[in-house]
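This report refers to the structure that appears directly beneath it.
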There are 2 protein chains.
Amino acid sequence: MRETTSRSRKVGDQMVEQIKRWIIAGHVKPGDRLPKEAELLDIFGLSKGTVREALKSLEVQGLVTMRTGPDGGATIAAVPFDRTFQLLQNFFFFREVDLAQIYELRRLLEPELVAGAVPHITEETLRLLEASIDFCAPAAQGPAHALDQRAEDLHFHDILAEANPNEVLRFMCQALNEMLVRSVRLARGVQHDAAFGRANVVAHRKILEALRERDATRARALMLEHIIEAEDYVKRLRGEYLRSLVLESDGPPTIALTPAGRQKAKTATEADDAPPAPSGTRRKPRPT
Amino acid sequence: MRETTSRSRKVGDQMVEQIKRWIIAGHVKPGDRLPKEAELLDIFGLSKGTVREALKSLEVQGLVTMRTGPDGGATIAAVPFDRTFQLLQNFFFFREVDLAQIYELRRLLEPELVAGAVPHITEETLRLLEASIDFCAPAAQGPAHALDQRAEDLHFHDILAEANPNEVLRFMCQALNEMLVRSVRLARGVQHDAAFGRANVVAHRKILEALRERDATRARALMLEHIIEAEDYVKRLRGEYLRSLVLESDGPPTIALTPAGRQKAKTATEADDAPPAPSGTRRKPRPT
DNA sequence: CAATCATATTTATTATGATAATTATTCGAT
DNA sequence: ATCGAATAATTATCATAATAAATATGATTG
């Protein structure tokens with residue numbers, strides 16, 4: 001009886017697949033808009049809740065963005081990097097990832113990244129790289145500034161990644177950089193070595209020079225040296241895991257839950273833990 | 001007035017974040033169960049539809065799995081590889097990725113992957129690798145069998161990845177392999193070179209031998225050679241892009257949509273295209 | 001007593017309609 | 001012409017009920 005569409009048993013998921021097929025077939029491209037909610041109800045013959053769930057799925061996957069208001073609705077989007085990174089971070093959250101592993105990857109990828117970027121370096125790229133170095137060059141004025149400089153150090157590599165035409169390599173390097181940026185943010189209060197910053201500036205300057213001369217081989221060698229040096233610094237500073245899910249808001253938890261009251265969440269200053277019902281225990285049945 | 005929780009405007013997303021915080025804080029771990037739907041309504045003070053959307057979001061992200069029936073509900077899950085790969089594939093769909101780019105990455109990563117795996121190779125691993133080679137060794141009996149052998153060639157590398165303790169490297173290599181497997185599947189009908197399969201078997205045998213002797217350096221060198229050789233073969237065979245969103249079902253489209261009828265979708269044998277309302281056009285309003 | 005089928009119960013999913021919130025557009029006043 | 005308020009279009013949320021799925025339980029039968 002239920003065999004008409006045995007594929008994915010949930011109708012909403014089938015709708016998601018169908019829309020994906022539209023995208024694959026080229027019927028809709030980024031920037032195009034899906035029919036509005038009411039029309040989707042008719043087209044798919046599903047209820048509002050189901051359609052809404054399907055749209056939510058597409059939104060979470062980064063394939064559409066939703067807007068309210070007139071002319072609102074679902075717009076097809078090229079999946080943005082941030083969204084993909086978030087989902088990747090979800091994956092790594094449950095696995096043991098440490099800085100050594102990330103640097104092992106960077107050691108393999110970054111040299112090739114810069115070498116492959118050389119033919120595509122523009123004057124604009126060189127300007128951006130120089131600006132990045134300039135930001136990191138002066139001695140840090142306070143710990144917050146030092147952290148900003150560390151983040152900018154990593155941004156230097158992002159700029160390089162942009163210049164490399166290999167989309168996969170680019171994504172991987174940027175993802176690694178983003179992981180490191182977040183580990184820097186999480187490391188507030190950790191003592192940062194001023195010598196580390198200076199070493200980065202020196203290394204980046206050398207790399208920039210090689211880029212100006214369009215010397216891919218030298219750029220690759222310098223980058224390898226740079227990563228190995230940075231790896232050494234970072235390993236000495238701190239070796240802890242970096243484990244976090246990506247939240248939209250980085251700030252402290254804001255919602256204190258009132259487990260039974262059916263009243264709006266309110267701001268909390270001290271604790272966020274509204275631990276869920278311990279699995280296995282039974283709560284008292286609520287009255288009908 | 002709406003400033004109590006100005007973070008992410010949508011309350012459903014706030015609920016998702018809150019549950020992520022539970023996970024981060026260690027209040028819930030994979031295998032634990034979330035309170036059932038009715039309880040979540042009370043806990044968060046939200047309506048059913050909103051809670052349902054939030055759970056859908058978590059499900060799409062791979063953080064929970066949903067089950068029906070008594071004792072059903074949402075179970076926290078370690079995000080599985082397949083889910084993450086799907087989302088990664090969404091990202092690359094909108095970007096120009098070709099086989100050359102993937103092989104450039106493999107050339108960098110696979111040698112290190114096998115070298116790093118050497119200390120962790122068990123007898124069981126060796127057995128699995130040998131079985132994989134044995135499957136690919138005999139001459140292919142028909143084109144379907146040849147494709148299966150190509151997929152198994154890649155599985156050889158997956159087995160190696162399993163033995164490497166670097167989770168990030170592992171993920172990247174497996175993702176690359178999975179992309180190639182899919183490109184093989186998409187390439188039905190393409191002429192496959194029997195010599196390619198034989199060369200793979202030879203290379204895999206050599207690598208296996210180095211692994212038995214726990215010779216990381218030789219394994220690395222052999223792998224590099226192997227990837228370069230494979231890259232050559234593949235480049236000559238076909239250079240097309242591999243572009244596809246990952247669908248739950250790989251089969252042909254099954255749902256023909258009845259745009260206005262508000263009747264259940266039914267199986268279609270010929271065509272899937274129910275192109276969405278061209279953006280901008282107006283459909284006739286449906287009767288209330 | 002064991003196995004099997006029917007039935008009840010719990011939960012998930014779908015369905016429908018109403019209300020609130022959000023935003024582009026339009027119109028009016030300065 | 002510019003700014004701002006009213007308006008209209010559309011999604012977001014809420015509420016409730018009906019339907020379907022899954023499992024445990026108990027009756028029935030060999």
Side-chain angles (χ1 to χ4, degrees), chain A residues 1-6 8-16 33-60 64-75 262-265 277 279-288, chain B residues 1-16 33-60 64-75 261-265 277 279-280 282-283 285-288:
Chain A
M1 177 51 74
R2 178 121 261 295
E3 291 311 308
T4 48
T5 56
S6 65
S8 7
R9 42 209 184 301
K10 293 200 250 190
V11 182
D13 290 344
Q14 292 175 18
M15 173 176 164
V16 170
R33 315 253 298 286
L34 289 182
K36 59 184 161 199
E37 212 172 88
E39 288 173 357
L40 287 173
L41 294 198
D42 276 358
I43 293 174
F44 285 89
L46 300 174
S47 72
K48 176 146 42 185
T50 308
V51 168
R52 197 131 247 300
E53 255 183 53
L55 290 173
K56 186 72 182 180
S57 172
L58 290 167
E59 190 188 25
V60 171
V64 308
T65 60
M66 304 291 298
R67 280 202 337 269
T68 79
D71 211 38
T75 304
R262 176 61 71 105
Q263 38 200 342
K264 275 294 186 186
S279 43
T281 64
R282 287 262 167 255
R283 281 167 172 260
K284 63 173 187 294
R286 65 193 182 119
T288 42
Chain B
M1 182 52 67
R2 174 123 267 293
E3 291 310 308
T4 49
T5 56
S6 65
R7 224 52 79 146
S8 1
R9 342 173 255 322
K10 294 200 251 191
V11 294
D13 291 344
Q14 293 175 19
M15 173 176 164
V16 169
R33 316 254 296 283
L34 255 47
K36 56 186 161 195
E37 212 172 89
E39 288 172 359
L40 287 173
L41 295 197
D42 278 357
I43 293 174
F44 285 90
L46 300 174
S47 74
K48 195 162 191 162
T50 308
V51 168
R52 195 130 251 298
E53 259 184 48
L55 290 173
K56 186 71 185 180
S57 171
L58 290 167
E59 191 188 23
V60 170
V64 307
T65 58
M66 305 289 297
R67 279 205 336 271
T68 79
D71 212 40
T75 305
R262 178 58 72 101
Q263 36 199 343
K264 277 292 187 188
S279 39
R282 288 260 167 259
R283 281 170 172 259
R286 66 193 179 119
T288 44

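Chain A is the first sequence line, chain B the second, and so forth, proteins listed ahead of strands; every chain is numbered from 1. We use all heavy atoms of the structure for the numbers below, so side chains are in, but hydrogens, waters and symmetry mates are not. Quick caveat, the model's predicted, so the values are computed rather than measured.
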Rounded interatomic separation in angstrom, taking CG from B/D13 and P from C/dT22: 14 Å
B/K56 NZ to C/dT14 P: how many Å, rounded? 8 Å
For the pair made of CZ in A/F44 and C1' in C/dT14, what is the distance, rounded to whole Å? 16 Å
For A/R67, answer base if it contacts any base atom (sugar-phosphate contacts may also be present), sugar-phosphate if it contacts only those atoms, and nothing otherwise; contact means non-hydrogen atoms under 4.0 Å. sugar-phosphate
When the distance from CG of B/L41 to C1' of C/dT11 is rounded to whole Å, what number comes out? 12 Å
Rounded to the nearest Å, what distance is computed from the CZ atom of residue B/R33 to the C1' atom of nucleotide C/dT11? 11 Å
Side chains of A/V16 and A/L55 in contact at under 4.5 Å (non-hydrogen atoms): no
Would one find a side-chain N or O of A/S47 under 4.0 angstrom from OP1 or OP2 of C/dT14? no
Which whole-number value in Å describes the distance from A/K36 NZ to D/dA9 P? 9 Å
Round to the nearest Å and state the distance from B/K10 atom NZ to D/dC14 atom P. 13 Å
Classify A/E53 by what it touches in the nucleic acid, base, sugar-phosphate, or nothing, heavy-atom distance under 4.0 Å. nothing
In terms of the nearest nucleotide of DNA chain C, which residue is placed more toward the 5' end: A/P70 or B/G73? B/G73
How would you list, by chain and number, every residue that makes a salt bridge (charged side-chain N to carboxylate O under 4.0 Å, His left out) with A/E59, sequence neighbours excluded? A/K56, B/K10
So B/G49, base contact, sugar-phosphate only, or nothing? Heavy-atom distance under 4.0 Å. nothing
Rounded to the nearest angstrom, tell me the gap between atom CG in B/L40 and atom P in C/dT10. 18 Å
Is there side-chain contact between B/L41 and B/S47, with at least one heavy-atom pair below 4.5 Å? no
For the pair B/R52 (side chain) and A/G49 (backbone), establish whether a donor and an acceptor sit closer than 3.5 Å, ignoring hydrogens and angles. no
With a 4.5 Å cut-off on side-chain heavy atoms, are A/M66 and A/L58 touching? no
Side-chain N,O (B/T50) to OP1/OP2 (D/dC14) below 4.0 Å: yes
Per atom distances to the A/K48 side chain, the nearest of D/dT11, C/dG17, D/dA17 is C/dG17
Can you tell which of C/dA15, D/dT13, D/dA9 lies closest to the side chain of A/R52? D/dT13
